[in-house]
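Structure, as structure tokens:
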2 protein chains.
Amino acid sequence: MKELKQRSTCPVSTSLDVLGDKWTLLILRDMVFADKSTYGQFLQSAEKIATNVLVDRLAVLESHGILTKVVASDKKSKFTYSLTEKGIDTIPIIVELILWGTKHWPTVINPVLLKELQAEKDTAIQKYQRLARQKASV
Amino acid sequence: MKELKQRSTCPVSTSLDVLGDKWTLLILRDMVFADKSTYGQFLQSAEKIATNVLVDRLAVLESHGILTKVVASDKKSKFTYSLTEKGIDTIPIIVELILWGTKHWPTVINPVLLKELQAEKDTAIQKYQRLARQKASV
DNA sequence: TCTTTGTACTTGCAAATTGCAAGTAAATAT
DNA sequence: ATATTTACTTGCAATTTGCAAGTACAAAGA
């Protein structure tokens with residue numbers, strides 16, 4: 001159980017103490033928008049996270065109650081990671097990163113998703129939060 | 001002029017290539033919500049950024065067109081950093097970090113600002129973006 | 001004019017983190 | 001019985017960070 005060392009009491013600073021690196025939010029992105037839930041699936045993403053970094057980030061996220069780790073329903077040798085409500089609440093952050101990235105950098109994204117986020121952001125966020133809750137309750 | 005190395009074409013990944021560390025968004029937070037605009041002011045923040053890290057992040061942000069650096073109007077030996085539109089567009093990200101932090105961690109924040117963000121998020125974002133534009137145009 | 005202060009860095013170095021390659025271990029499939 | 005899948009662990013080099021100190025130049029004060 002890793003404890004959080006807050007650099008200050010500022011909420012931005014504290015959020016960055018948890019999420020402020022190049023990998024953590026990519027794991028959450030994969031869970032929300034790519035339906036990934038296992039160690040092996042996270043490893044396969046385009047950004048090629050190193051195995052030790054992935055293990056570390058999953059442990060930190062679990063220790064902070066952002067996701068949970070349970071034995072998979074199909075295999076005993078497999079674990080499934082699910083978002084908690086605290087994790088589901090990061091979806092608005094990820095959405096804003098999507099919108100800023102697509103607006104200001106050369107990126108590639110599912111155009112249906114992009115239009116959904118641009119036209120009805122709050123509705124789309126609620127939809128993906130609902131979907132995440134469904135996945136988590138299986 | 002530092003070039004951006006994108007780990008992938010995903011907009012989340014690319015946004016994190018730029019903003020994904022513990023310090024960059026704190027500088028932007030200080031510019032938007034604490035009216036800071038000089039090297040010395042950034043150094044004084046509660047999180048105590050190291051001087052070499054601050055210099056590096058300011059240079060990266062400038063090279064990516066997120067902020068501009070100009071000689072201050074009052075002193076020739078002083079520089080003023082201002083947000084560009086690309087920088088102003090990060091305000092929704094910062095706001096979501098504020099909301100996630102205040103909801104899930106022990107933090108301290110101006111209650112007026114928090115209520116403003118919770119009750120009328122979009123309106124408040126527009127307000128702070130407008131204020132940032134005013135500062136930048138002085 | 002000389003000194004001090006303010007502002008913005010630069011430098012050196014130890015510590016921590018990351019990235020990469022390889023190896024391990026238990027459960028499952030053949 | 002053997003091979004494969006899944007989830008790690010380990011070792012090590014390279015990079016990044018954090019800390020302390022020093023530099024450079026403009027402005028203000030004596």
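Quick caveat: nothing in here was measured; it's all calculated off a predicted structure.
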Discussion item. Rounded to whole Å, how long is the line connecting atom CD of Q41(B) with atom P of dT7(C)?
Written reply: 9 Å
Discussion item. Suppose we screen for side chain to side chain contact (heavy atoms under 4.5 Å, CB included). Which residues come up paired with S37(A), at least two apart in sequence or across chains?
Written reply: Q41(A), T80(A)
Item to complete: Under the side chain to side chain contact (heavy atoms under 4.5 Å, CB included) rule, collect the residues that match up with S77(B), sequence neighbours excluded.
Response: K75(B)
Practice prompt. List in chain and number order the residues that pass salt bridge (Lys or Arg N to Asp or Glu O under 4.0 Å) with K69(A), two or more places apart in sequence or in another chain; answer none if no residue qualifies.
Written response: none
Worksheet item: Over how many whole Å does the gap from K78(B) atom NZ to dA27(D) atom C1' extend?
Response: 12 Å
Under 3.5 Å, N/O pairs linking protein and nucleotides 9-12 of chain C:
from: dC9(C); atom 1: OP1; to: K69(B); atom 2: NZ; distance (Å): 3.0
from: dC9(C); atom 1: OP2; to: K69(B); atom 2: NZ; distance (Å): 3.3
from: dC9(C); atom 1: OP2; to: Y81(B); atom 2: OH; distance (Å): 2.7
from: dT10(C); atom 1: O4; to: T51(B); atom 2: OG1; distance (Å): 2.7

Discussion item. According to side-chain hydrogen bond (donor to acceptor under 3.5 Å, both in side chains), does anything in residues 90-102 of chain B pair up with another residue at least two apart or in another chain? List the pairs.
Written reply: E96(B)-K121(B)
Worksheet item: Once you round it to whole Å, what is the distance between P of dA7(D) and CG of D56(A)?
Response: 17 Å
Discussion item. Short of 4.0 Å, heavy atom to strand atom, which residues of residues 5-37 of chain B count as contacting DNA chain C?
Written reply: none
Polar atoms only, N or O, under 3.5 Å: list the protein pairs with nucleotides 23-30 of chain C and their distances.
from: dT28(C); atom 1: OP1; to: K76(A); atom 2: N; distance (Å): 2.8

Practice prompt. For the residue pair F42(A) and Y81(A), categorise the inter-ring angle as parallel (less than 30°), tilted (30 to 60°) or perpendicular (more than 60°).
Written response: tilted
Worksheet entry | Listed once per pair and sorted, the salt bridge (Lys or Arg N to Asp or Glu O under 4.0 Å) pairs that draw on residues 108-117 of chain A, sequence neighbours left out | E116(A)-K127(A)
Worksheet entry | With sequence neighbours excluded, residues passing side chain to side chain contact (heavy atoms under 4.5 Å, CB included) with V53(B) | W23(B), I49(B), A50(B), R57(B)
Worksheet entry | Non-neighbouring partners of Q129(B) that pass side chain to side chain donor-acceptor pair (under 3.5 Å), sequence neighbours left out | none
Worksheet item: With sequence neighbours excluded, what pairs up with K135(B) under the salt bridge (Lys or Arg N to Asp or Glu O under 4.0 Å) test?
Response: D35(B)
Worksheet entry | Gap between atoms CG and C1', on L54(B) and dT16(D) respectively (whole Å) | 16 Å
Discussion item. Which residues pass the ring-ring contact (aromatic ring centres under 6.0 Å, His included) test with F33(A), not counting sequence neighbours?
Written reply: Y128(A)
